Every structure is written in structure tokens, then in C-alpha cells.
Colleague: 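The structure follows.
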Amino acid sequence: MGATMNGRSRETGRCRTLAATGVVVSMLTAMVPSCAYADVEVNPFVSLRQVMSDGSTRDARGWLEAGAGFAALLDTNRVDGNISYRYMRRFEEFGNISQKNRHSANANVRAELIDDFLLLNAGGTASQYATDMRGFNAINPDDESGNQTQVFSGYVEPSIQQRIGDFATFQGRYRLGAVSADSPREGLTNPGSIGLDPSDGIGSRLSDSISQTASLALASTRATNTINWSLNAQGTHEDVDQLNQKYRGYSAGGELSFRISRKLELIGSGGYEDIENTQDSILFDEETGLPDLDDDGHFQIDPTMPRRTAYDFSGVYWNGGFRYTPSRRTSFEFRAGERYGSANFFLDFNHRSRNGMSVRANFQQTLNSFSRLLTQSFNGIPYNVVRVGGLDQLGVPFCIIGVDPESDDGGCLGGFTQSLTPATFKSDRGLLMVSRKLEALTWSATVYYDKRRYVDSQQLQAPTEVELPTSLFGNDVSFGTRGRVVLRLGELQSLGFDALLARNSYALSAQRKDTQLTLGTQYSRRLSKNLSGNASLYGTHRITETRQDSSTVTASVGVRYNF
């Protein structure tokens, strides 16, 4: 009976995600104007690559990868954006490869439906992702293991904005997002088979989720005002198919700023928030002590156990700080206060010089989940991942899975360094990125840090205990540095170099710690007007404190034809 009910829940969740994704696709299609009335550029392409991989822990593997896709740019009076999609099919030649079909996509479209009043934003992302960040998070796009899965996400956001005389501006937003990810399909022979060591509890797996955010804001019209103010209210819901998890968060507050001079402004804000996260209990097999899984590899629900309140918090939040803008090219903002029941800090620095140099430093503490990060908000501001010239919107110039060896128009999930689970966590995330673009040389260097403190114990349970003490679990911590250099060798050739040094500490697996070094190079050459060739070579070495070290080397050569 439990399997049947959970199976129906799985189908319901899948249908919800497909329906939401369908809405996004429909909105995107409706928003794209005909070529007769718009500046629309569509560039289809096909590609073919031969890839070989060998490692110290797996046999040599080889496959032929055929791909096809397109990139489209929209630029009209009312609609602008970009849509790119690529499908790759891997044909196994020798060895065993885990995933033969891969999708990579980014879509970001903005339409002004009614002048100065009604806007519509929509988009989506498809990318490979590491389910357990103890594993591969290298920059090598040909990393290939059972630790990866395909992630799909989409969102649609209508918003209205209306000026109320010269006094204030009213804004309302509603964002609907959907995320779908295939969990591992293997059965459970011991707790370690789902990424946890036998001494740990049972961790949950991300499946499908639907998230919604609605917000209202009334703010003074900023001009040369000495004092500015704003009032805001926001509600966020997330429904996760796995264990019927439900997240509900509401907040209301205001902000007040005082301009001391043209360059310096003092800021203070405060309000009240109410957050709750609940989920069903896992059904365990009485004989093995392991969770019962349905045909899709998802946990089944124990009908004899009550729903669990994984996280419940309500209280006042506040912060204070300043914003310093010495010029149009430089800005710095710092805030400190309390939120989610603990100290909270925010820092953001941006500088762009006339000689092509860009510097970005950022640190923020949020309460989020993987799905909400991907489709809803970052520090309370709705956003979506998008790559432009190899940089995603958050300013992190690398992908968790890798860099497209042929071009920089592929999709990725840059900056997401947590494991792929539905858990809610407090995230302390910071980065420092410096880049420069010259005529023949482009380079970037990034240092990042991400600490995740799970507030719902990752849905962990033990077969012999109703609840596990939260003190049993530590924090996930990821930090590292990344460098990338691209040399343009004339008009026809380019040569790229990549390096990544990363450290991952995974709390849910007996504090396992991995250190990973990856070096790579890519070469591309235009062979004719529409045909180009490419080659790449990557090497990764991973040091694990409690396990055998491992190494992987991959090499590829291919061609790409642009129509």
C-alpha cells in the first residue's frame, strides 16, 4: 500500500513539474515575436566529439558524443533575452559510461507587456550536477560518474510597477518555479550506498519541487532625497515530492536610509518573519533496517508515524550598515544584524575600471534550499542562473560540472557547491573574483567559500530512533580557488587554460574531507566560415583523508558546424 501511495505521489510530483515547465516554455514561446517585427538571431549547430577517459579507480572508457542545438538572441522594443539549448548523445565504445543523454540549456527572456506597468520574466536551466559534492566538482566537462544527475528548472514571473505621483513607487511580483532532478536509481544495501557512511543516518534525495514567491513593496521615489524608505512583504512556498516536504516562509518589514553625502548613505532595516518546514517520516524495512524505496528509488512514507516539524522559527530581524558609491564604476555596501535567529552579515563590492578590469567581492548569509536558490531568490532578490561570456550572473566564472570545450554559450549551475538535496540550510557564502578582458587575452581568478548549516537535519532518521539529535551533524564546507586564461592566437585560433583547487568537507558522511586539484587546457581553431575544430585535455587528482586517493585523465577532439 505504501509503495502504491508513494508511486502515485511521485507521478503527481512529476506531472506538477512537467506542467510548470510547460507553462514556462509556453510563456517563452508566446513572448518571442515573429522575425518580421523583431531583431531575432538564431544560430543552430551540430557537433561531434571523440572522448577517452582513464582513472585509478575505474577502467578506461571511451565514447563518441554527437550533439545538436541552437543559440537565439532577442532584441526588440518590448522583448529581449537569450535562449540556448544543446542535446548530447554519448555512444559507448568501450568501458562503462553512466549517462548517455545530456541536456544543456539556458533561457532568459524579459517582456514589457504594458508600458511602465506590466513586465513578464521567464527562463529555465538544464545542466548536469553532482548529487554528492564529496565527489566530482571539477571543471572538467567530461567528468563521468554515477555521482551526477540531470537537473531541469524553469520559472515564470509576472510583475507590476506603478508610480504614485512623485511620492512613491508600488511593485508586486509573483514567481512560479519548478525543479526536477533524477535521484540515483540503485537500491540500498547499506547506508553508505546513498552517500552516507554506515555510522550516519539516512539522507534524503532531491526529486521534483514546485516553489512560489509573492512579494509587495512600496518605496519612496529615489532622486536627490535625503531620506528614503520602503515597506515590503513576502511569502515563499516550496513543495518537494520527496517525503512530501513543505516549506513555508513569510516576512514583512521596512527599510530606512539617510544620505549623508552624494557618495555615502546610511541604511537600516527590520521586520518580522515566520518560517516552518515539515515532512513525512521514512518507512524502514524491519528486517534490514534500511529504508524501503519505490520503483523510482524514492523513500516511502511510514503511515504509522506523524509528520515531522523539521524547522520552526519566528521572530524579529534587523540590520544596519552603509552604502558607499564613490563613482559610477565603484560601489560598496555592508550590513550587519540578526536574522533566522542568529547574527547575519552582508557585504557587496563592485568595481569596473576603464582598462577592462573587473573586481567583485561578496558575502551573504541566507536561509535556502537547492531548489529555491535555483528558481527563487538570492539574498531575497529573485534571479536565475545565466552565463554571458563564460560568467554566470552571480559573478562566478566556472561551472560545477565544467566548461563547454567548444564555446561559452552552454548552460551550467555555477556557484552552487552544496549537495543536491531538498534540505533547508543556512548558507554562509562568499567570493572574490578578479577578471580582465583585453584584445588577445582574457583571464579571471576566483576564490570562493560556502558553508551550509542544515536546520532540518537533512531529513535524517535512524531505523531505531524517532529523531536523531541535530548535534550529531556538522556543517558542509566548500572552498577553493579557480583560475582561467584564454589566449586568442589571431582571428582563427584560441587556447585556454583552467585550474581548480577545491576542498570539500561533507558533514553527513562522518566529516569526510576531500581535496581536489584539476588542471585543463582547451584548443579551438576555425577551419572554415562555419566549421571549427576543438581539443581538450584534463587531469584531476583527489586526496581523501580516510580513503584511497584517486586520479582521472580525459582527452577529447571534435568538430562543430554552425549553420
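Computed from a predicted structure; not experimentally measured. The basis for the numbers below is simple: all heavy atoms, side chains too, and nothing from hydrogens, waters or symmetry mates.
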Colleague: Rounded to the nearest 0.5 Å, what's the gap from CZ on Arg175 to OG1 on Thr213? Could you check?
Modeller: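 Answer rounded to 0.5 Å: 8.0 Å.
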Colleague: Using a strict cut-off of less than 4.0 Å between a Lys/Arg side-chain nitrogen and an Asp/Glu carboxylate oxygen, indicate whether Arg248 and Asp239 qualify as a salt bridge.
Modeller: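 Salt bridge between Arg248 and Asp239, a charged N being under 4.0 Å from a carboxylate O: yes.
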Colleague: Determine whether Ile83 and Val109 satisfy the following criterion, side-chain contact (heavy atoms from CB on, under 4.5 Å), listing intermediate values before the conclusion.
Modeller: CA-CA 8 Å; Ile83 303 173; Val109 180; 4.1 Å; yes
Colleague: Does CZ in Arg436 sit with more than 12 non-hydrogen atoms of other residues, nucleotides or ligands closer than 6.0 Å?
Modeller: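 Buried by this count: over 12 neighbours within 6.0 Å.
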Colleague: What I'd like to find out is whether the side chain of Gln162 reaches to under 4.5 Å of the side chain of Ile160, using heavy atoms alone.
Modeller: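 No, too far: nothing below the 4.5 Å cut-off.
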Colleague: Given Asn121 and Tyr155, is the side-chain contact (heavy atoms from CB on, under 4.5 Å) satisfied, shown in steps?
Modeller: CA-CA 8 Å; Asn121 291 272; Tyr155 77 94; 4.3 Å; yes
Colleague: If I take atom CZ from residue Arg372 and atom OG1 from residue Thr424, how far apart are they, to the nearest 0.5 angstrom?
Modeller: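 These two atoms lie 4.5 Å from each other.
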Colleague: Other residues, nucleotides and ligands only: do more than 12 of their heavy atoms fall within 6.0 Å of CG on Asn355?
Modeller: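 Yes, CG of Asn355 has more than 12 neighbouring heavy atoms, counting only those of other groups under 6.0 Å.
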Colleague: With respect to Ser209, which candidate in Ser369, Ser180, Ser371, Ser153 satisfies the side chain to side chain donor-acceptor pair (under 3.5 Å) definition?
Modeller: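 Of the listed residues Ser369, Ser180, Ser371, Ser153, the side chain to side chain donor-acceptor pair (under 3.5 Å) partner of Ser209 is Ser371.
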Colleague: Roughly how far apart are Gln161 CD and Ser159 OG, rounded to 0.5 Å?
Modeller: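 Answer for the CD-OG pair, Gln161 versus Ser159, is 7.5 Å.
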Colleague: Checking Lys426 side chain against Ser342 main chain: does a donor-acceptor pair fall under 3.5 Å?
Modeller: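 Answer holds: no.
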Colleague: Grab the two heavy atoms, one from Glu112 and one from Asp116, that are nearest each other, plus how far apart they are.
Modeller: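 Of all heavy-atom pairs spanning Glu112 and Asp116, the closest is OE2-N, 2.8 Å.
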Colleague: Can you name the closest pair of heavy atoms from Gly154 and Thr375 and give their distance?
Modeller: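 Shortest heavy-atom contact: O-CG2, 4.1 Å.
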Colleague: Starting at CZ of Arg323, measure out to CZ of Arg335 and round the result to the nearest 0.5 Å.
Modeller: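 So the gap between those two atoms works out to 6.0 Å.
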Colleague: Check step by step if side-chain hydrogen bond (donor to acceptor under 3.5 Å, both in side chains) holds for Asn43 and Glu41.
Modeller: CA-CA 7 Å; Asn43 299 301; Glu41 181 182 353; 3.3 Å; yes
Colleague: What is the minimum heavy-atom distance between Asn228 and Ser220, and which atoms define it?
Modeller: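 Distance-wise, the nearest heavy atoms are OD1-OG, 3.2 Å.
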Colleague: Would you check if the distance from the ring center of Phe334 to the ring center of Phe349 is below 6.0 Å?
Modeller: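 No: the rings miss the under 6.0 Å criterion.
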Colleague: Taking salt bridge (charged side-chain N to carboxylate O under 4.0 Å, His left out) as the criterion, tell me which of Lys451, Arg453, Arg452 meets it with Asp428.
Modeller: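 Looking at Lys451, Arg453, Arg452, the match for Asp428 under the salt bridge (charged side-chain N to carboxylate O under 4.0 Å, His left out) is Arg453.
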Colleague: Does Asp348 form a side-chain contact (heavy atoms from CB on, under 4.5 Å) with Phe346? I'd like the steps, not just the answer.
Modeller: CA-CA 7 Å; Asp348 189 68; Phe346 173 82; 3.8 Å; yes
Colleague: At what distance, to the nearest 0.5 angstrom, does CZ of Arg352 lie from CZ of Arg328?
Modeller: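 Answer for the CZ-CZ pair, Arg352 versus Arg328, is 15.5 Å.
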Colleague: For Gln365, is there any backbone N or O sitting under 3.5 Å from a side-chain donor or acceptor partner on Asn344?
Modeller: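 Side chain of Asn344 to backbone of Gln365, a donor-acceptor pair under 3.5 Å: yes, one is there.
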Colleague: Got a donor-acceptor contact below 3.5 angstrom from the Arg488 side chain to the Glu439 backbone?
Modeller: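 Yes, because the side chain of Arg488 sits within donor-acceptor range (under 3.5 Å) of the backbone of Glu439.
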Colleague: Tell me, please, whether Tyr317 has Arg339 positioned over its six-membered ring: NZ or CZ under 6.0 Å from the ring centre and within 45 degrees of its axis?
Modeller: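 Yes, cation above the ring, under 6.0 Å and within 45°.
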Colleague: Quiz question: by atom type and distance under 3.5 Å, do the side chains of Ser435 and Arg484 form a donor-acceptor pair?
Modeller: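 Side chains of Ser435 and Arg484: no pair found under 3.5 Å.
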Colleague: Parallel, tilted or perpendicular, judged at 30° and 60°: which one describes the rings of Phe70 and Tyr85?
Modeller: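 Rings of Phe70 and Tyr85: tilted, 30 to 60°.
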Colleague: Might you confirm whether atom CG of Asn77 has over 12 heavy atoms from other residues, nucleotides or ligands at distances under 6.0 Å?
Modeller: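 Counting other residues, nucleotides and ligands, CG of Asn77 stays at 12 neighbours or fewer.
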Colleague: Using a distance-only test with no angle check, is there a side-chain donor-acceptor pair under 3.5 angstrom linking Ser427 and Asp450?
Modeller: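 Distance-only check passes for Ser427 and Asp450.
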Colleague: Quick check for you: to the nearest 0.5 Å, what is the distance between Ile301 atom CD1 and Asn244 atom CG?
Modeller: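 CG of Asn244 is found 5.5 Å from CD1 of Ile301.
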Colleague: Might you point out which heavy atoms bring Pro306 and Ser281 nearest each other, and give the distance in Å?
Modeller: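 Distance-wise, the nearest heavy atoms are O-OG, 3.0 Å.
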Colleague: Would Ser331 and Thr325 satisfy side-chain hydrogen bond (donor to acceptor under 3.5 Å, both in side chains), going step by step from the backbone distance to the final call?
Modeller: CA-CA 4 Å; Ser331 65; Thr325 53; over 6 Å; no
Colleague: Of the non-hydrogen atoms in Tyr448 and Ala502, which two are nearest, and what is the gap between them?
Modeller: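 For Tyr448 versus Ala502, the nearest heavy atoms are OH-CB, 3.5 Å.
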